[in-house]
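Not measured: the values here are computed from a predicted model.
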Amino acid sequence: MTYSLNQVYPVIWHNDSVSLIDQTRLPNEYAFVEIHRSEDMARAIKTMIVRGAPAIGVAAAYGIYLGAREIETSNRNEFLQHLEQVAQLLRSTRPTAVNLFWAISRMMKTAYETLGTVAELKQTLLQTAQAINAEDLQTCQAIGDNGLAVLPKNPAKLTILTHCNAGALATAGYGTALGVVRSAWREGRLVRVFADETRPRLQGAKLTAWECVQEGIPVTVITDNMAAHCMKQGLIHAVVVGADRIAANGDTANKIGTYSVAIAAKAHNIPFFVAAPLSTVDFELSDGSQIPIEERNPTEIYQVGDTILTPEGVEFYNPAFDVTPADLITAIITENGAFAPGELAKSKVKQVV
Ligand code: MRU
(Lines give C-alpha, C1' and ligand atoms only; values in the text may rest on other atoms or scores of the structure.)
Protein backbone atom coordinates (compact mmCIF):
# COMPACT_ATOMS: atom_id res chain seq x y z
CA MET A 1 0.00 0.00 0.00
CA THR A 2 1.37 3.44 -0.85
CA TYR A 3 0.74 6.23 1.61
CA SER A 4 0.43 9.90 0.75
CA LEU A 5 1.82 12.42 3.20
CA ASN A 6 -1.22 14.66 3.57
CA GLN A 7 -3.71 11.88 4.39
CA VAL A 8 -4.66 10.14 7.62
CA TYR A 9 -4.16 6.36 7.99
CA PRO A 10 -5.10 4.97 11.42
CA VAL A 11 -3.57 1.52 10.83
CA ILE A 12 -0.18 1.20 9.11
CA TRP A 13 1.99 -1.89 8.62
CA HIS A 14 5.50 -0.61 9.21
CA ASN A 15 8.84 -2.10 10.37
CA ASP A 16 7.33 -5.55 11.01
CA SER A 17 4.67 -4.17 13.36
CA VAL A 18 1.44 -2.19 13.25
CA SER A 19 1.39 1.55 13.94
CA LEU A 20 -1.97 2.75 15.24
CA ILE A 21 -2.92 6.39 15.63
CA ASP A 22 -3.89 6.61 19.31
CA GLN A 23 -7.43 7.94 18.85
CA THR A 24 -7.93 8.30 22.60
CA ARG A 25 -5.43 11.19 22.54
CA LEU A 26 -6.81 13.19 19.62
CA PRO A 27 -7.29 16.08 19.04
CA ASN A 28 -4.73 17.25 21.59
CA GLU A 29 -1.98 14.84 20.62
CA TYR A 30 -1.27 13.08 17.32
CA ALA A 31 0.62 10.04 18.57
CA PHE A 32 1.18 6.48 17.38
CA VAL A 33 1.20 3.22 19.34
CA GLU A 34 3.37 0.35 18.03
CA ILE A 35 1.66 -3.04 18.23
CA HIS A 36 3.81 -6.18 18.02
CA ARG A 37 1.55 -8.81 19.61
CA SER A 38 -2.01 -10.01 19.05
CA GLU A 39 -2.92 -9.47 22.73
CA ASP A 40 -1.88 -5.83 22.47
CA MET A 41 -3.99 -5.49 19.33
CA ALA A 42 -6.99 -6.95 21.18
CA ARG A 43 -6.47 -4.43 23.99
CA ALA A 44 -6.10 -1.54 21.52
CA ILE A 45 -9.45 -2.45 19.92
CA LYS A 46 -11.21 -2.85 23.26
CA THR A 47 -9.90 0.43 24.67
CA MET A 48 -10.66 2.23 21.39
CA ILE A 49 -7.11 3.29 20.55
CA VAL A 50 -8.34 2.06 17.17
CA ARG A 51 -12.10 2.33 16.55
CA GLY A 52 -14.65 2.59 13.76
CA ALA A 53 -16.01 -0.54 12.08
CA PRO A 54 -13.73 -0.88 9.03
CA ALA A 55 -10.62 0.22 10.98
CA ILE A 56 -11.12 -2.44 13.65
CA GLY A 57 -11.58 -5.00 10.87
CA VAL A 58 -8.21 -4.03 9.37
CA ALA A 59 -6.59 -3.96 12.82
CA ALA A 60 -7.97 -7.41 13.70
CA ALA A 61 -6.68 -8.83 10.41
CA TYR A 62 -3.16 -7.69 11.35
CA GLY A 63 -3.84 -9.01 14.87
CA ILE A 64 -4.38 -12.48 13.42
CA TYR A 65 -1.04 -12.29 11.61
CA LEU A 66 0.75 -11.01 14.75
CA GLY A 67 -0.73 -13.95 16.67
CA ALA A 68 0.25 -16.37 13.88
CA ARG A 69 3.89 -15.35 13.93
CA GLU A 70 4.07 -15.93 17.72
CA ILE A 71 3.04 -19.59 17.27
CA GLU A 72 6.18 -21.69 17.35
CA THR A 73 5.10 -25.07 16.00
CA SER A 74 5.71 -26.24 12.44
CA ASN A 75 2.82 -28.71 12.72
CA ARG A 76 -0.07 -27.39 10.64
CA ASN A 77 -2.90 -28.74 12.83
CA GLU A 78 -1.32 -27.49 16.06
CA PHE A 79 -0.75 -24.12 14.39
CA LEU A 80 -4.40 -23.86 13.36
CA GLN A 81 -5.58 -24.79 16.86
CA HIS A 82 -3.47 -22.00 18.38
CA LEU A 83 -4.64 -19.59 15.70
CA GLU A 84 -8.26 -20.30 16.64
CA GLN A 85 -7.46 -19.02 20.16
CA VAL A 86 -5.99 -15.83 18.71
CA ALA A 87 -9.15 -15.39 16.60
CA GLN A 88 -11.34 -15.95 19.65
CA LEU A 89 -9.50 -13.30 21.66
CA LEU A 90 -9.87 -10.76 18.87
CA ARG A 91 -13.55 -11.63 18.35
CA SER A 92 -14.23 -10.97 22.04
CA THR A 93 -13.13 -7.32 21.88
CA ARG A 94 -16.24 -5.55 20.53
CA PRO A 95 -19.57 -7.16 19.57
CA THR A 96 -21.42 -4.77 17.25
CA ALA A 97 -19.27 -3.88 14.24
CA VAL A 98 -19.50 -6.85 11.90
CA ASN A 99 -16.34 -5.84 10.00
CA LEU A 100 -14.33 -7.26 12.92
CA PHE A 101 -15.89 -10.71 12.46
CA TRP A 102 -15.80 -10.41 8.66
CA ALA A 103 -12.04 -9.69 8.64
CA ILE A 104 -11.25 -12.45 11.15
CA SER A 105 -13.32 -14.95 9.11
CA ARG A 106 -11.48 -14.00 5.94
CA MET A 107 -8.11 -14.44 7.67
CA MET A 108 -9.13 -17.82 9.13
CA LYS A 109 -10.48 -19.01 5.78
CA THR A 110 -7.10 -18.11 4.27
CA ALA A 111 -5.36 -20.06 7.03
CA TYR A 112 -7.46 -23.19 6.44
CA GLU A 113 -7.28 -23.02 2.65
CA THR A 114 -3.57 -22.23 2.21
CA LEU A 115 -1.41 -25.24 1.48
CA GLY A 116 2.32 -25.42 2.19
CA THR A 117 4.47 -25.05 5.28
CA VAL A 118 3.49 -23.11 8.40
CA ALA A 119 6.11 -20.50 7.46
CA GLU A 120 4.48 -20.03 4.05
CA LEU A 121 1.06 -19.88 5.66
CA LYS A 122 2.20 -17.07 7.97
CA GLN A 123 3.46 -15.11 4.97
CA THR A 124 0.12 -15.54 3.19
CA LEU A 125 -1.70 -14.28 6.29
CA LEU A 126 0.37 -11.10 6.27
CA GLN A 127 -0.40 -10.59 2.58
CA THR A 128 -4.12 -11.11 3.25
CA ALA A 129 -4.14 -8.53 6.07
CA GLN A 130 -2.38 -6.07 3.77
CA ALA A 131 -4.93 -6.78 1.04
CA ILE A 132 -7.83 -6.13 3.46
CA ASN A 133 -6.14 -2.84 4.39
CA ALA A 134 -5.59 -1.72 0.78
CA GLU A 135 -9.06 -2.83 -0.38
CA ASP A 136 -10.76 -0.86 2.38
CA LEU A 137 -9.01 2.32 1.26
CA GLN A 138 -10.17 1.82 -2.34
CA THR A 139 -13.67 0.92 -1.14
CA CYS A 140 -13.95 4.17 0.82
CA GLN A 141 -12.89 6.22 -2.19
CA ALA A 142 -15.58 4.48 -4.27
CA ILE A 143 -18.19 5.12 -1.53
CA GLY A 144 -17.24 8.81 -1.53
CA ASP A 145 -17.70 9.09 -5.28
CA ASN A 146 -20.93 7.06 -5.31
CA GLY A 147 -22.29 9.37 -2.62
CA LEU A 148 -21.92 12.35 -4.96
CA ALA A 149 -24.47 10.83 -7.33
CA VAL A 150 -27.23 10.70 -4.70
CA LEU A 151 -26.68 13.88 -2.70
CA PRO A 152 -29.46 16.46 -3.28
CA LYS A 153 -28.80 18.68 -6.34
CA ASN A 154 -30.56 21.56 -4.65
CA PRO A 155 -29.01 23.75 -3.32
CA ALA A 156 -25.87 23.48 -5.45
CA LYS A 157 -23.70 23.70 -2.33
CA LEU A 158 -24.75 21.64 0.66
CA THR A 159 -24.38 21.62 4.41
CA ILE A 160 -24.12 18.01 5.61
CA LEU A 161 -24.69 16.83 9.16
CA THR A 162 -22.86 13.75 10.40
CA HIS A 163 -22.87 11.82 13.68
CA CYS A 164 -19.88 10.18 15.40
CA ASN A 165 -16.76 9.70 13.25
CA ALA A 166 -16.99 7.68 10.06
CA GLY A 167 -13.89 9.27 8.62
CA ALA A 168 -10.36 8.28 7.66
CA LEU A 169 -9.74 7.48 11.34
CA ALA A 170 -12.56 4.92 11.33
CA THR A 171 -11.42 3.12 8.15
CA ALA A 172 -8.18 2.31 6.34
CA GLY A 173 -8.31 5.97 5.21
CA TYR A 174 -10.64 8.50 3.47
CA GLY A 175 -13.72 7.39 5.42
CA THR A 176 -17.28 6.35 4.58
CA ALA A 177 -19.63 9.18 5.63
CA LEU A 178 -16.66 11.56 5.68
CA GLY A 179 -15.58 9.97 2.38
CA VAL A 180 -18.81 11.31 0.87
CA VAL A 181 -18.10 14.65 2.58
CA ARG A 182 -14.52 14.68 1.21
CA SER A 183 -15.67 13.87 -2.34
CA ALA A 184 -18.37 16.58 -2.11
CA TRP A 185 -15.80 19.10 -0.85
CA ARG A 186 -13.38 18.31 -3.68
CA GLU A 187 -16.17 18.69 -6.25
CA GLY A 188 -17.22 22.08 -4.83
CA ARG A 189 -20.59 20.67 -3.66
CA LEU A 190 -20.10 21.30 0.07
CA VAL A 191 -20.24 24.46 2.15
CA ARG A 192 -19.86 23.06 5.65
CA VAL A 193 -20.12 20.02 7.89
CA PHE A 194 -22.19 20.01 11.06
CA ALA A 195 -20.64 17.50 13.45
CA ASP A 196 -22.74 16.18 16.34
CA GLU A 197 -20.41 16.00 19.33
CA THR A 198 -21.56 12.39 19.97
CA ARG A 199 -21.80 11.78 23.69
CA PRO A 200 -20.48 10.03 25.62
CA ARG A 201 -17.12 9.53 23.89
CA LEU A 202 -17.28 12.65 21.73
CA GLN A 203 -16.04 11.12 18.48
CA GLY A 204 -17.74 13.96 16.57
CA ALA A 205 -16.26 16.81 18.58
CA LYS A 206 -12.83 15.25 18.86
CA LEU A 207 -12.27 13.18 15.72
CA THR A 208 -14.62 14.37 12.96
CA ALA A 209 -13.83 17.99 13.79
CA TRP A 210 -10.09 17.19 13.78
CA GLU A 211 -10.30 15.49 10.38
CA CYS A 212 -12.23 18.41 8.89
CA VAL A 213 -9.70 20.90 10.24
CA GLN A 214 -6.82 18.85 8.74
CA GLU A 215 -8.50 19.03 5.34
CA GLY A 216 -9.62 22.68 5.56
CA ILE A 217 -13.32 21.70 5.47
CA PRO A 218 -15.43 24.24 7.42
CA VAL A 219 -16.98 22.46 10.40
CA THR A 220 -19.48 23.47 13.07
CA VAL A 221 -19.65 21.29 16.19
CA ILE A 222 -23.04 21.09 17.92
CA THR A 223 -24.15 19.09 20.93
CA ASP A 224 -26.33 16.10 20.09
CA ASN A 225 -29.52 17.73 21.35
CA MET A 226 -29.17 20.62 18.84
CA ALA A 227 -29.54 18.61 15.62
CA ALA A 228 -33.36 18.84 15.30
CA HIS A 229 -33.27 22.58 16.01
CA CYS A 230 -30.63 23.11 13.29
CA MET A 231 -32.76 21.10 10.84
CA LYS A 232 -35.83 23.20 11.65
CA GLN A 233 -33.83 26.36 10.99
CA GLY A 234 -32.98 25.08 7.50
CA LEU A 235 -29.27 24.76 8.26
CA ILE A 236 -28.96 21.10 7.16
CA HIS A 237 -29.52 19.79 3.60
CA ALA A 238 -28.55 16.14 4.08
CA VAL A 239 -27.42 13.74 6.80
CA VAL A 240 -24.67 11.20 6.08
CA VAL A 241 -23.61 8.67 8.74
CA GLY A 242 -21.55 5.48 8.84
CA ALA A 243 -22.62 2.04 10.04
CA ASP A 244 -21.36 -0.73 12.29
CA ARG A 245 -23.69 -3.44 11.05
CA ILE A 246 -26.49 -3.40 8.49
CA ALA A 247 -29.08 -6.18 8.54
CA ALA A 248 -30.38 -7.69 5.28
CA ASN A 249 -33.52 -5.50 5.38
CA GLY A 250 -31.44 -2.30 5.70
CA ASP A 251 -31.90 -1.70 9.46
CA THR A 252 -28.63 -0.07 10.48
CA ALA A 253 -26.66 -0.12 13.74
CA ASN A 254 -24.46 2.91 14.21
CA LYS A 255 -23.23 5.06 17.09
CA ILE A 256 -25.79 5.77 19.79
CA GLY A 257 -27.81 8.85 18.84
CA THR A 258 -27.95 8.04 15.11
CA TYR A 259 -31.56 6.84 15.47
CA SER A 260 -32.76 10.15 16.91
CA VAL A 261 -30.96 12.05 14.12
CA ALA A 262 -32.80 9.87 11.57
CA ILE A 263 -36.17 10.58 13.21
CA ALA A 264 -35.45 14.30 13.19
CA ALA A 265 -34.34 14.17 9.53
CA LYS A 266 -37.58 12.38 8.56
CA ALA A 267 -39.65 14.98 10.43
CA HIS A 268 -37.95 17.76 8.47
CA ASN A 269 -37.95 15.98 5.10
CA ILE A 270 -34.15 15.89 4.98
CA PRO A 271 -32.51 12.92 3.19
CA PHE A 272 -30.72 10.54 5.54
CA PHE A 273 -27.90 8.48 3.99
CA VAL A 274 -25.88 5.60 5.43
CA ALA A 275 -22.42 5.21 3.86
CA ALA A 276 -20.74 1.83 4.41
CA PRO A 277 -18.72 -0.88 2.69
CA LEU A 278 -20.47 -4.14 1.82
CA SER A 279 -18.32 -5.79 4.53
CA THR A 280 -20.63 -3.97 7.00
CA VAL A 281 -23.74 -5.71 5.65
CA ASP A 282 -24.65 -8.82 7.63
CA PHE A 283 -26.91 -10.77 5.28
CA GLU A 284 -27.26 -13.47 7.97
CA LEU A 285 -29.46 -11.15 10.05
CA SER A 286 -32.92 -10.55 8.60
CA ASP A 287 -33.51 -7.36 10.64
CA GLY A 288 -31.88 -5.01 13.10
CA SER A 289 -33.39 -6.55 16.24
CA GLN A 290 -30.79 -9.33 15.96
CA ILE A 291 -27.78 -6.98 16.02
CA PRO A 292 -25.84 -7.28 19.31
CA ILE A 293 -25.48 -3.89 20.97
CA GLU A 294 -22.33 -3.23 22.95
CA GLU A 295 -22.75 -1.77 26.44
CA ARG A 296 -19.75 0.12 27.74
CA ASN A 297 -18.50 1.21 31.12
CA PRO A 298 -20.78 3.84 32.77
CA THR A 299 -17.74 5.95 33.65
CA GLU A 300 -18.01 7.17 30.04
CA ILE A 301 -21.24 8.89 31.08
CA TYR A 302 -20.50 10.20 34.54
CA GLN A 303 -16.81 11.05 34.50
CA VAL A 304 -14.94 13.71 32.51
CA GLY A 305 -11.25 13.66 33.36
CA ASP A 306 -11.13 13.67 37.15
CA THR A 307 -14.56 15.27 37.50
CA ILE A 308 -17.62 13.20 38.51
CA LEU A 309 -20.77 14.71 36.96
CA THR A 310 -23.55 12.93 38.85
CA PRO A 311 -24.59 12.42 42.48
CA GLU A 312 -24.01 9.09 44.18
CA GLY A 313 -26.86 6.58 44.12
CA VAL A 314 -27.91 6.85 40.47
CA GLU A 315 -27.89 4.06 37.90
CA PHE A 316 -26.53 4.24 34.37
CA TYR A 317 -27.24 2.65 31.03
CA ASN A 318 -24.56 3.07 28.35
CA PRO A 319 -25.42 1.35 25.04
CA ALA A 320 -22.75 2.28 22.50
CA PHE A 321 -24.95 1.83 19.41
CA ASP A 322 -28.57 2.04 18.32
CA VAL A 323 -30.47 0.68 15.33
CA THR A 324 -32.06 3.01 12.78
CA PRO A 325 -35.00 1.30 11.06
CA ALA A 326 -34.69 0.95 7.30
CA ASP A 327 -37.76 3.10 6.64
CA LEU A 328 -35.92 6.17 7.95
CA ILE A 329 -33.01 5.65 5.53
CA THR A 330 -33.08 7.30 2.08
CA ALA A 331 -30.27 5.17 0.62
CA ILE A 332 -27.29 3.07 1.64
CA ILE A 333 -24.17 4.18 -0.22
CA THR A 334 -21.71 1.33 -0.86
CA GLU A 335 -18.68 0.77 -3.08
CA ASN A 336 -21.02 -0.79 -5.65
CA GLY A 337 -23.44 2.12 -5.76
CA ALA A 338 -26.30 3.49 -3.65
CA PHE A 339 -29.29 1.29 -2.83
CA ALA A 340 -32.68 1.77 -1.29
CA PRO A 341 -32.47 -0.16 2.03
CA GLY A 342 -34.93 -2.80 0.82
CA GLU A 343 -32.81 -3.42 -2.28
CA LEU A 344 -29.58 -4.32 -0.51
CA ALA A 345 -29.61 -7.82 -1.98
CA LYS A 346 -28.82 -6.19 -5.34
CA SER A 347 -25.68 -4.58 -3.89
CA LYS A 348 -23.40 -7.33 -5.15
CA VAL A 349 -23.97 -5.91 -8.64
CA LYS A 350 -22.78 -2.36 -9.33
CA GLN A 351 -25.59 0.17 -9.79
CA VAL A 352 -26.91 3.51 -8.59
CA VAL A 353 -30.51 4.22 -7.54
O1 MRU B 1 -17.56 3.18 19.04
P2 MRU B 1 -16.93 3.57 17.75
O3 MRU B 1 -16.23 4.87 17.80
O4 MRU B 1 -16.07 2.47 17.17
O5 MRU B 1 -18.18 3.76 16.77
C6 MRU B 1 -17.95 4.17 15.45
C7 MRU B 1 -19.19 4.37 14.67
O8 MRU B 1 -20.28 4.19 15.15
C9 MRU B 1 -19.01 4.70 13.22
O10 MRU B 1 -20.03 5.53 12.77
C11 MRU B 1 -19.05 3.39 12.42
O12 MRU B 1 -18.15 2.46 12.94
C13 MRU B 1 -18.73 3.61 11.00
S14 MRU B 1 -17.03 3.96 10.73
C15 MRU B 1 -16.77 4.14 9.08
Side-chain angles (χ1 to χ4, degrees), residues 6-12 19-33 43-56 58-59 93-94 96-97 140 159-182 185 192-227 230 236 239-244 254-258 260-261 275 294 296-309 318-322:
N6 53 356
Q7 284 190 38
V8 171
Y9 305 99
V11 186
I12 298 175
S19 293
L20 299 177
I21 296 177
D22 186 344
Q23 299 192 36
T24 63
R25 296 188 186 200
L26 284 171
N28 298 321
E29 220 183 310
Y30 184 52
F32 286 83
V33 177
R43 201 168 307 118
I45 295 171
K46 216 177 169 72
T47 58
M48 295 175 68
I49 285 172
V50 59
R51 36 67 53 202
I56 63 177
V58 173
T93 51
R94 299 194 70 189
T96 304
C140 286
T159 294
I160 294 178
L161 180 133
T162 191
H163 190 76
C164 192
N165 171 265
L169 288 166
T171 59
Y174 203 73
T176 56
L178 277 195
V180 176
V181 161
R182 279 198 165 86
W185 177 246
R192 172 168 296 276
V193 171
F194 269 60
D196 282 349
E197 74 172 342
T198 318
R199 277 278 287 159
R201 290 190 65 104
L202 305 175
Q203 290 95 328
K206 291 181 171 176
L207 307 179
T208 296
W210 181 81
E211 281 196 40
C212 288
V213 169
Q214 299 308 302
E215 186 119 359
I217 299 174
V219 57
T220 299
V221 175
I222 56 172
T223 63
D224 300 329
N225 48 2
M226 296 173 186
C230 293
I236 311 295
V239 178
V240 188
V241 299
D244 288 85
N254 191 49
K255 179 54 53 193
I256 191 75
T258 304
S260 27
V261 176
E294 176 183 9
R296 295 189 63 87
N297 195 311
T299 51
E300 291 181 349
I301 298 181
Y302 68 73
Q303 191 167 355
V304 177
D306 291 333
T307 307
I308 306 292
L309 303 173
N318 187 19
F321 301 94
D322 59 26

Peer 1: Minimum heavy-atom separation for A44 and L20, please, with both atom names.
Peer 2: CB-CD1, 3.6 Å
Peer 1: CZ/R51 to CZ/R201 distance, rounded to the nearest 0.5 angstrom?
Peer 2: 9.0 Å
Peer 1: Out of curiosity, D224 CG to H163 NE2, how far, rounded to the nearest 0.5 Å?
Peer 2: 5.0 Å
Peer 1: Rounded to the nearest 0.5 Å, what separates atom CD in Q303 from atom CD1 in I308?
Peer 2: 4.0 Å
Peer 1: For V50 and A59, which heavy atoms make the closest approach, and how far apart are they?
Peer 2: CG1-CB, 4.1 Å
Peer 1: I need the minimum non-hydrogen distance between A243 and A53, along with the two atoms involved.
Peer 2: O-CB, 3.7 Å
Peer 1: Closest heavy-atom contact between C140 and Y174?
Peer 2: O-CD2, 3.6 Å
Peer 1: Measure the SG-CD1 distance between C164 and I256 for me, rounded to the nearest 0.5 Å.
Peer 2: 11.0 Å
Peer 1: Checking T162 side chain against V240 main chain: does a donor-acceptor pair fall under 3.5 Å?
Peer 2: yes
Peer 1: Take E211 and R182 through the salt bridge (charged side-chain N to carboxylate O under 4.0 Å, His left out) test and state the conclusion after the steps.
Peer 2: CA-CA 10 Å; E211 281 196 40; R182 279 198 165 86; 3.0 Å; yes
Peer 1: Locate the shortest heavy-atom distance separating A195 from G204; write the atom from each residue and the value.
Peer 2: CB-O, 4.1 Å
Peer 1: Donor-acceptor pair, distance only, cut-off 3.5 Å: does the side chain of T171 make one with the backbone of G175?
Peer 2: yes
Peer 1: Looking at E294, is its backbone amide N or carbonyl O close enough to the side chain of T96 to form a donor-acceptor pair, meaning the two atoms are under 3.5 Å apart?
Peer 2: yes
Peer 1: Kindly determine whether T208 and N165 satisfy side-chain hydrogen bond (donor to acceptor under 3.5 Å, both in side chains), including the steps that lead there.
Peer 2: CA-CA 5 Å; T208 296; N165 171 265; 3.2 Å; yes
Peer 1: Are the charged groups of K206 and E197 less than 4.0 angstrom apart, N to O?
Peer 2: no
Peer 1: Start with the C-alpha gap between I21 and F32, add the side-chain angles, then the distance that decides, and say whether side-chain contact (heavy atoms from CB on, under 4.5 Å) holds.
Peer 2: CA-CA 4 Å; I21 296 177; F32 286 83; 3.5 Å; yes
Peer 1: So how far is it from T198 OG1 to N254 CG, rounded to the nearest 0.5 Å?
Peer 2: 9.0 Å
Peer 1: Evaluate the side-chain hydrogen bond (donor to acceptor under 3.5 Å, both in side chains) criterion for residues N297 and T299: first the C-alpha distance (whole Å), next the side-chain angles of each, then the deciding distance (0.1 Å), finally the verdict.
Peer 2: CA-CA 5 Å; N297 195 311; T299 51; 3.0 Å; yes
Peer 1: What's the shortest heavy-atom distance between W185 and G216, and which atoms?
Peer 2: CZ2-O, 3.3 Å
Peer 1: I would like to know whether C212 and R192 meet side-chain contact (heavy atoms from CB on, under 4.5 Å); could you show each step before the answer?
Peer 2: CA-CA 10 Å; C212 288; R192 172 168 296 276; over 6 Å; no
Peer 1: When rounded to the nearest 0.5 angstrom, what distance separates CG in N318 from CD in E300?
Peer 2: 5.0 Å
Peer 1: I'd like to know whether I222 forms a side-chain contact (heavy atoms from CB on, under 4.5 Å) with F194, so could you lay out the CA-CA distance, the side-chain angles of the two residues, the decisive distance to 0.1 Å, and finally the verdict.
Peer 2: CA-CA 7 Å; I222 56 172; F194 269 60; 3.9 Å; yes
Peer 1: Show the numbers, then the answer: is there a side-chain contact (heavy atoms from CB on, under 4.5 Å) between E215 and N6?
Peer 2: CA-CA 9 Å; E215 186 119 359; N6 53 356; over 6 Å; no
Peer 1: Under the side-chain contact (heavy atoms from CB on, under 4.5 Å) test against Q23, which residue among T47, L169, V33 passes?
Peer 2: L169
